[in-house]
Amino acid sequence: IDRRQPDDAHEHLNRARVDMAGDAWRGLEGRLLLAEAVLAAQHEPVQASERFEQAIEALRRFRLAWDEAEALVLWSRAAAVAAPVLASEKRAAALEIYRQCGAGTAWFERAEALSKPW
């Protein structure tokens, strides 16, 4: 998700929403919600939190643990400046998912690096 080009990102998200209207595209819904959350994080933190929660719920529904961990890492990053306690909780939740999945050290290091503010 390229936050430097929000107009392009919004256009692509809108197109994806139209394309999947009425269809159950399984985990794709969670990924679209995650993209919306990241875009909203800069200017609309309340909406961003709602989208992060919805994305995680959708990803859990389809048991997409890696995607759920990614969503938590991105949420941690989005919250790092304004809500450091929340950011720490989300990062810890992501790390726990990686532990449960038996992820290697690189995944933990990546989560720590990505959890820093934008």
Which atom pair, heavy atoms only, marks the closest approach of [X] to [Y]?
X: Ala40; Y: Gln47; result: CB-OE1, 4.3 Å
X: Ala65; Y: Cys101; result: CB-SG, 3.9 Å
X: Ala78; Y: Ala41; result: CB-CB, 3.6 Å
X: Arg91; Y: Ala111; result: CD-O, 4.5 Å
X: Ala87; Y: Ala79; result: CB-C, 3.9 Å

For Glu36, the option from Leu33, Val38, Leu39 that meets side chain to side chain contact (heavy atoms under 4.5 Å, CB included):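 Only one of Leu33, Val38, Leu39 forms a side chain to side chain contact (heavy atoms under 4.5 Å, CB included) with Glu36, namely Leu33.
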
Option among Ile56, Val73, Leu72 that satisfies the side chain to side chain contact (heavy atoms under 4.5 Å, CB included) test with Lys90: Leu72

Step-by-step side chain to side chain contact (heavy atoms under 4.5 Å, CB included) determination, Arg99 to Phe108: CA-CA 9 Å; Arg99 272 188 208 72; Phe108 294 92; 3.8 Å; yes

ILVMFWY cluster, Leu34 and Leu86 together (side-chain gap under 4.5 Å): yes

Trp75 reachable from Leu95 in the ILVMFWY side-chain graph, under 4.5 Å edges: no

Check against side chain to side chain contact (heavy atoms under 4.5 Å, CB included), Phe52 and Leu74: CA-CA 9 Å; Phe52 278 118; Leu74 291 172; 4.2 Å; yes

Gap separating the CZ atom of Phe62 from the CD atom of Glu68, nearest 0.5 angstrom: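 With rounding to 0.5 Å, CZ (Phe62) is 13.5 Å from CD (Glu68).
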
Pairwise distance CD(Glu44) to OG(Ser49) - rounded to 0.5 angstrom: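 These two atoms lie 11.5 Å from each other.
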
Pairing residues for Glu50 by the salt bridge (charged side-chain N to carboxylate O under 4.0 Å, His left out) criterion, not counting sequence neighbours: none

Side chain to side chain contact (heavy atoms under 4.5 Å, CB included) assessment of Glu57 paired with Glu53: CA-CA 6 Å; Glu57 181 182 310; Glu53 288 174 6; over 6 Å; no

Carboxylate-amine/guanidinium proximity below 4.0 Å for Arg31 and Glu70: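 Here Arg31 does not pair with Glu70 in a salt bridge, since their nearest N and O are not under 4.0 Å apart.
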
Parallel, tilted or perpendicular: ring planes of Trp107 versus Trp66, cut at 30 and 60 degrees: tilted

